[in-house]
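Presented below is the structure to which this report refers.
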Protein chains: 2
Amino acid sequence: MSTINLSPTARVILGLLRFRPKTGYDIKNVIELSTRFFWGASYGQIYPELKRLERAGLVASEASPRGARKRTEYRLTPKGEEALDAWLTDRERWIFEYRDEWLLRLFFGDLLPPEEALANVRAARAFFTDTARLFRTQIEPHAREGAAEGEQFPLLVYEFGIGFLEWAARWYARAEERLTRQGREPQPPPAGTRARGRR
Amino acid sequence: MSTINLSPTARVILGLLRFRPKTGYDIKNVIELSTRFFWGASYGQIYPELKRLERAGLVASEASPRGARKRTEYRLTPKGEEALDAWLTDRERWIFEYRDEWLLRLFFGDLLPPEEALANVRAARAFFTDTARLFRTQIEPHAREGAAEGEQFPLLVYEFGIGFLEWAARWYARAEERLTRQGREPQPPPAGTRARGRR
DNA sequence: TGAGCCATGTAAACGGTTACATGATTCC
DNA sequence: GGAATCATGTAACCGTTTACATGGCTCA
């Protein structure tokens, strides 16, 4: 029982339900305001997963209509709490995925005329600054609110997120400078190297 | 024709073939030593994609056996070059995905006893320091080699990668400190807040 | 009355990994 | 002779997004 077999989406769902019961719709909304930048989920995942989790006995559903509008709230069962705890303390397995098309375009920068490579760097920088702004306006307020109510970790995670975005924006700014300088003064070949060919 | 419809895997493939013709096997090897941390691909993607690209006229294959061992090398066609250029200079569309289970576990830290949350932080830190080391040993030498031959951008991308990994490792080190300090001295409640509940 | 939100779902398509299979060559 | 590497592929499975569908409620 201590071995975990929670689908990726089940991991967020159980965690979020631990605080209080929620509908699938609620879950989606919370995710959009909190974990979506590092752990997203769509309705196409959430609703089927809730049914699977119920069949497996990790959550229980309860009809809780608002007026005549149907609503189904899910809560953790003891078995669900157990599975959640097992996952939260499992440090043997983890998912870490990073996929970044800006980096891929940058990687092939030698295939482009310098102005085009530079334009890519500028665009990547804009992406990170824009995302950081989005982050500050959309995520930070909720994280702070939670922290004021004694939930400190979501704010900590937010700080990682904004820290990374701003680090990346600074990195691209420096890269831009370097490449611009290089474009002006024909750079000396690095020591111990034969002359470089650029097309 | 300037509108791009390259599958994610096609984007690396075309880029890598631009330097010189390669077999599917070669492509996979190069990826493992360069782009895999931000743009991976498996045989299950590469071989079928090469066939699709050939049918679409973006690459051309040529038998180039080594001794009696069969080999098929692919090279870019003019149409393939065009598609690659169009993609490389398209700054309207991009893929950026970040999925991080360490962050998700950290997010739910309020559900754990402090020692367990701290253990998670330590494990995440170890992950980033280990990955940074891997990076330095596996990727850096190849990136430097390429730079010595006039290909500067892969080294630039490597610097982003190692920079991020080390930034993350430092971030977790600081988080560890903060949480440790907090565990020793019962922290004062933040201003304008009711007493915090921690289970 | 209509826009926007609340609420629940499904089907198709996509992209990817893993596991498996095969066989030649090279090097110790 | 056997291990590692070169080389090519496929089938099954998994997880995810997107698009579509439906309908009630709330408020301007």
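Residue numbering restarts at 1 for every chain, and letters A, B, ... go by the order of the sequence lines. All figures in this text were calculated on a predicted structure; none of them were measured in a lab.
There is no side-chain donor-acceptor pair under 3.5 Å between B:T23 and B:R71. A donor-acceptor pair shorter than 3.5 Å cannot be found between the side chains of B:Q138 and B:E32.
Atom CD in B:Q45 sits about 12 Å away from atom C1' in C:dT18, given to the nearest Å. The interatomic distance linking B:E32 (CD) with D:dC6 (P) rounds to 13 Å, in whole Å. One atom, CG of B:L6, and another, P of C:dC14, lie 15 Å apart when rounded to the nearest Å. Taking atom OH on B:Y47 and atom C1' on C:dC20, their separation rounds to 15 Å, with Å as the unit. Following rounding to the nearest Å, B:K28 (NZ) and D:dG9 (C1') show an atom-to-atom distance of 14 Å. Rounded to whole angstrom, the span from the NZ atom of A:K22 across to the P atom of C:dC6 amounts to 15 Å. Rounded to an integer number of Å, the gap from CD of A:E62 to C1' of C:dA7 is 17 Å. At whole-Å resolution of the value, CD1 in B:I46 and P in D:dC6 are 14 Å apart.
For B:R69, taking side-chain heavy atoms from C-beta onward, the closest of the listed nucleotides C:dG16, D:dC6, D:dC25 is D:dC6. Between D:dG24, C:dG9, D:dT5, one nucleotide has an atom nearer to the side chain of B:Y25 than all others, and that is D:dT5. With distances taken from any side-chain atom of A:P48 to the nucleotides D:dA7, D:dT8, C:dT10, the minimum falls on C:dT10. Distance from the side chain of B:A68 is smallest to C:dT25 among C:dT25, C:dG16, D:dA7.
Note on B:S7: nothing from the nucleic acid sits closer than 4.0 angstrom, heavy atoms only. Across all strands, A:G24 comes closer than 4.0 Å only to sugar-phosphate atoms, never to a base (heavy-atom distances). The residue B:S42 sits close to a base: some heavy atom pair falls under 4.0 Å.
Each of B:R99 and B:T72 has a nearest nucleotide on DNA chain D; the 5'-most of these lies closest to B:T72. Positionally, the nearest nucleotide of DNA chain C for A:R71 lies more toward the 5' end than for the other of A:R71 and A:G44.
The pair B:E176-B:R122 counts as a salt bridge, with a side-chain nitrogen and a carboxylate oxygen less than 4.0 angstrom apart. Between B:E54 and B:K51, no side-chain nitrogen of the basic residue sits less than 4.0 Å from a carboxylate oxygen of the acidic one, so the salt-bridge criterion is not met.
An OP1 or OP2 oxygen of C:dG15 is reached within less than 4.0 angstrom by no side-chain nitrogen or oxygen of B:T9. Using a 4.0 Å cut-off, some side-chain N or O of B:T23 falls inside it from OP1 or OP2 of D:dT8. For D:dG9, neither phosphate oxygen OP1 nor OP2 lies less than 4.0 angstrom from any side-chain nitrogen or oxygen of B:K70.
Across A:D130, A:T129, A:T131, a single residue satisfies side chain to side chain donor-acceptor pair (under 3.5 Å) together with A:R133, and that is A:D130.
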